[in-house]
Amino acid sequence: MKKNFYVFRHGQTDMNANNIWQGAQINVTLNETGKQQALELGKKLLPLGIEVIYSSNLRRAIQTAMLVNQSLDVATFIHGDLRECNFGEAEGYTFSELEEMYPQTVHDVLYPTPQTWHTKFPGANSESKKEVYQRVSSAMLSIAHKDNSTNIGISTHGGVLSALLAGLESYGTPIPNCCVAHVVYDDTTDSLSFVEML
């Protein structure tokens, strides 16, 4: 049996709009543009037959899930392992500031490959994209095992989608606010595979 995961990034925040690096330590809400993006995303997702939504425990993802759910009207659960990557000391700096401070690290974290996805920013609890992939893919497999739904929504973050796509061997895929990745779980192999961006 196969299950469809529709993994979507949260709507825009003011920090997104100002090119400031967010992460698990920064817990902001959506701006007005982000709220509208999330409402439009709900309409886009409606034909897919999503039966349940699991959200990161950060406010921007929860808010996106709630706004999406105005169209879907399904049960929604919080799952802490779907949270954004902890980017350590990078959080709160602009992209241009970070490119001056950590040029190679910024590149490796933004564009993870099997050769570079172990890279992480300085900081005691900083995570690499490889670690995030392991955390999030394990969460998704657990959801697939426990939830009887066939079509499952996941409200999460850009760093999570970047890590997930790298782990599923899709590199360099753009990840704008409220984009959607279709990922399939196959119980015969107990594995996830990337299908397409919707």
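The model shown is predicted, which means the values in this text are computed figures rather than measured ones.
Of the possible polar contacts, one joining the R9 side chain to the I175 backbone as a donor-acceptor pair under 3.5 Å is found. Of the possible donor and acceptor atoms, none in the side chain of E127 sits under 3.5 Å from a partner among the backbone N and O of V132. Of the possible polar contacts, one joining the E51 side chain to the T150 backbone as a donor-acceptor pair under 3.5 Å is found. Remark: the backbone N or O of Q134 is paired with a side-chain donor or acceptor of S138 at under 3.5 angstrom. Judged by distance alone, with hydrogens and angles left aside, the side-chain atoms of S155 form a donor-acceptor pair with the main-chain N or O of A61 at under 3.5 Å. Of the possible donor and acceptor atoms, none in the side chain of R83 sits under 3.5 Å from a partner among the backbone N and O of H157. Side chain of N18 to backbone of I20: no donor-acceptor contact under 3.5 angstrom is found. Between the side chain of Q70 and the backbone N or O of L67 there is no donor-acceptor pair closer than 3.5 Å. In terms of modelled atom types and a separation under 3.5 Å, the side chain of Q63 and the main chain of R60 share no donor-acceptor contact. Formation of a donor-acceptor pair under 3.5 Å by the T13 side chain with backbone atoms of N16 is found in this model.
Atom CG in L164 sits 11.5 Å away from atom CZ in R135 (nearest 0.5 Å). Between Q22 atom CD and Q25 atom CD the span is 12.0 Å, to the nearest 0.5 Å. Remark: L58 CG to T64 OG1 distance equals 11.0 Å, nearest 0.5 Å. Atoms OG1 and CD1, on T29 and I62 in that order, are 11.5 Å from each other to the nearest 0.5 Å. L41 contributes atom CG, which lies 5.0 Å from atom SG of C178 (distance to the nearest 0.5 angstrom).
Residues V180 and V183 are members of separate hydrophobic clusters, defined by side-chain heavy-atom contacts under 4.5 angstrom among Ile, Leu, Val, Met, Phe, Trp and Tyr. Linking Ile, Leu, Val, Met, Phe, Trp and Tyr residues whenever their side-chain heavy atoms come within less than 4.5 Å places L48 and V68 in a single cluster. Residue M140 is grouped with residue F77 when hydrophobic side chains (ILVMFWY) are merged at heavy-atom distances under 4.5 angstrom, including chains of intermediate members.
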- [ ] Applying side-chain hydrogen bond (donor to acceptor under 3.5 Å, both in side chains), run through N31 and D14 and close with a yes or a no.
- [x] CA-CA 6 Å; N31 61 21; D14 283 341; 3.3 Å; yes
TODO: Would you sort out whether V160 and Y133 count as a side chain to side chain contact (heavy atoms under 4.5 Å, CB included), showing the intermediate values?
DONE: CA-CA 7 Å; V160 167; Y133 172 73; over 6 Å; no
- [ ] Begin with the C-alpha distance, continue with both residues' side-chain angles, and end with the deciding distance and a verdict on side chain to side chain contact (heavy atoms under 4.5 Å, CB included) for K120 and E131.
- [x] CA-CA 10 Å; K120 62 177 81 174; E131 290 169 327; 3.2 Å; yes
- [ ] Given side chain to side chain contact (heavy atoms under 4.5 Å, CB included), test T76 with Y54 step by step and report yes or no.
- [x] CA-CA 6 Å; T76 303; Y54 289 84; over 6 Å; no
Task: Trace of the ring pair (Phe, Tyr, Trp, His ring centres under 6.0 Å) decision for H182 with F5 - done: CA-CA 6 Å; H182 181 195; F5 282 101; 9.7 Å; no
Task: CA sep, side-chain torsions, deciding dist, call: K35, L39, side chain to side chain contact (heavy atoms under 4.5 Å, CB included) - done: CA-CA 6 Å; K35 292 174 186 176; L39 289 170; 5.5 Å; no
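Side-chain atoms of S149 and K3 include no donor-acceptor pair closer than 3.5 Å. Side chains of S96 and E99: a donor-acceptor N/O pair is absent below 3.5 angstrom, by distance only. Side-chain atoms of N177 and Q37 form no donor-acceptor pair, as typed in the model, at a separation below 3.5 Å. The closest side-chain donor-acceptor pair between Q36 and E32, if any, does not fall under 3.5 angstrom. In the model, T116 has no side-chain atom that pairs as donor or acceptor with a side-chain atom of T119 under 3.5 Å. Side-chain contact of N4 with N151: a donor-acceptor pair under 3.5 Å is present, judged by distance alone. Side-chain contact, S56 with H79: no donor N or O sits under 3.5 Å from an acceptor N or O.
Here the closest heavy-atom approach between residue E91 and residue I26 is recorded as OE1-N, 3.4 Å. The minimum heavy-atom distance between L30 and A38, with the atom names listed, is CD1-CB, 4.4 Å. For P114 against Y171, the heavy-atom pair with the smallest separation is CG-OH, 3.2 Å. In this structure, C179 and L161 approach most closely via the heavy-atom pair SG-CD1, 3.9 Å.
None of N69, L82, T156, I78 except one satisfies the side chain to side chain contact (heavy atoms under 4.5 Å, CB included) rule with S55; the exception is I78. When V74, L45, I154 are each tested for a side chain to side chain contact (heavy atoms under 4.5 Å, CB included) with I53, only one passes: V74.
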Please output the side-chain donor-acceptor pairs of residues 187-198 that fall under 3.5 Å, not counting sequence neighbours, one pair per line with the distance.
unit_1, atom_1, unit_2, atom_2, d
D187, OD1, M1, N, 2.5
D187, OD2, M1, N, 3.2
T188, OG1, D186, OD1, 2.5
T188, OG1, D186, OD2, 3.3
T189, OG1, S191, OG, 2.6
D190, OD1, H145, NE2, 2.7
D190, OD1, Y185, OH, 2.8

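Cluster partners of V106 are W21, F87, Y93, F95, L98, M101, Y102, V109, L110, Y111, F121, counting Ile, Leu, Val, Met, Phe, Trp and Tyr whose side-chain heavy atoms approach within less than 4.5 Å, directly or via other members.
Side-chain contact check for Y6 versus I152: every heavy-atom pair is 4.5 Å or farther apart. Annotation: side chain of V136 is not in contact with side chain of D81 (no heavy-atom distance under 4.5 Å).
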